[in-house]
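Quick notes on the structure that follows.
Every number for a ligand or one of its atoms is a count from 1 in the order of the listing.
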Amino acid sequence: MKKTIAIASDHGGFELKEDLKHFLKHEGLEFTDLGTHSDDPVDYPDYGIKVVKQISLGNFQRGILICGTGIGMSMVANKFPKIRATECHDVFTARLSREHNDSNVLVLGGRILGKELAREISRTWLNTKFTGGRHTARLDKIREIEEALIKYDYEEILKNAKTLSS
Ligand code: RB5
């Protein structure tokens, strides 16, 4: 059965990730923490990949990624097929990223956001539905780009590639 939320951070997002885990538990939401597990320096691509690879393969529905600014994680996440990662630093953007963009990965900046704001952004993002309608055709265009550019069988590549195997 498809799991719901995967969450990960680098050291710059570690503290905020730990706080958001309390929030997710309190909200009764199932999640899997894919690291990092301390504030020792790590490389954000290694942890971003863990989450988006699983979503790309259909093993999780949604992801939350946190680095210091949210920039690095966004860059990594949006390289992957089927990933619509949106960096949100306010509640309005969080709502629109779901309503218009059907965001499936929320990216946050651990060194930018206070904990309460991050919780409110997450709550909004988790509870807002995609509006569909005219926005569906726009997302279809993004899918078309993916399909045109990604000629290889990415599922096989994701499963087998050593650099992406974590
Ligand atoms: C780590 O120092 C920092 O560069 C990282 O957390 C992130 O902000 C990168 O975009």
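- Remark: K50 is positioned above the aromatic ring of Y47, its terminal NZ or CZ atom under 6.0 angstrom from the ring centre and at most 45 degrees off the axis.
- Protein heavy atoms are found inside the 4.0 Å sphere centred on atom 2 (O) of ligand 1.
- Assignment of M73 to the shell around ligand 1 is not supported, since no heavy atom sits closer than 4.0 Å.
- Of all the heavy atoms of R111, the ones lying under 4.0 Å from any atom of ligand 1 belong exclusively to the side chain.
- Here the heavy atom of the protein found nearest to atom 5 (C) of ligand 1 is D10 OD2, 3.2 Å.
- Within the listing of ligand 1, atoms 5 (C), 6 (O), 7 (C), 8 (O) sit less than 4.0 angstrom from a heavy atom of G68.
- A salt bridge is defined here as a Lys NZ or Arg NE, NH1 or NH2 lying under 4.0 Å from an Asp or Glu carboxylate O, and E27 with R123 meets this definition.
- Note that OG of S74 is 9.5 Å distant from CG of L106, once rounded to the nearest 0.5 Å.
- The residues K21 and E18 are annotated as salt-bridged, a charged nitrogen and a carboxylate oxygen being separated by less than 4.0 angstrom.
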I would like to know whether K17 and I7 meet side chain to side chain contact (heavy atoms under 4.5 Å, CB included); could you show each step before the answer? CA-CA 8 Å; K17 173 168 70 67; I7 187 168; 4.0 Å; yes

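- Using a 4.0 Å cut-off between a side-chain N of Lys or Arg and a carboxylate O of Asp or Glu, R143 and E147 do not qualify as a salt bridge.
- At a threshold of 4.5 Å between non-hydrogen side-chain atoms, the residues N101 and H135 do not count as touching.
- Looking from atom 9 (C) of ligand 1 to the surrounding protein, the closest heavy atom is Y44 CE2, 3.5 Å.
- At the top of the distance list for atom 8 (O) of ligand 1, counting protein heavy atoms only, stands T69 N, 2.9 Å.
- For atom 10 (O) of ligand 1, the closest heavy atom belonging to the protein is G72 N, 2.9 Å.
- Annotation for ligand 1: atoms under 4.0 Å from non-hydrogen atoms of H11 are 1 (C), 2 (O).
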